[in-house]
Amino acid sequence: ENHTVKITIFFLGGTMKNNIKRLAEKRGWSIAELARRLSMQPHTLARYSRGDSEPKMNLAEDIANVLDVSVEEVLGTEKVIEKTQIKKLP
């Protein structure tokens, strides 16, 4: 039986801390407003926007959804390779 495996490789193309603040400001929002829309404490989001800590992937996805951008744009990554392989599994 064949199975399709999709492999995507990313490389850093900026910093997430700068992107969170830049993307919020682009919408006319402060970090506090973005945090409110994410139902989280402003000081927690501020830690991420300063680069003091990195959010888990599901939070990066939530941030992207609220800002109406891609996760890659939030994370500061660019997609460089996307490859689909068909493998026969034993």
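Everything quoted here is computed from the prediction, not taken from an experiment. Starting from 1, each residue takes its place in the sequence as its number.
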I'd like a table of donor-acceptor pairs (distance under 3.5 Å, sequence neighbours excluded) in which one partner is a side-chain atom from residues 40-49, with atom names and distances.
from, atom 1, to, atom 2, distance (Å)
S49, OG, A46, O, 3.0

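With rounding to the nearest 0.5 Å, the separation of NZ in K21 from CG in N19 is 12.5 Å. Of the inter-residue distances, the one linking E61 atom CD with S70 atom OG reads 11.5 Å to the nearest 0.5 angstrom.
Closest approach of S30 to A24, counting heavy atoms only: O-CB, 4.4 Å. What you find for A60 and L75 is that their closest heavy atoms are CB-CD2, 3.8 Å.
Here N58 pairs with nothing under the side-chain hydrogen bond (donor to acceptor under 3.5 Å, both in side chains) rule; sequence neighbours left out. Every residue meeting the salt bridge (Lys or Arg N to Asp or Glu O under 4.0 Å) condition with E33, not counting sequence neighbours, appears here in chain and number order: R36, R37. Applying the side chain to side chain contact (heavy atoms under 4.5 Å, CB included) rule to D68 yields the partners R27; only residues at least two apart in sequence or on another chain are considered.
L38 is listed as a side-chain neighbour of I63, based on a closest heavy-atom distance under 4.5 Å.
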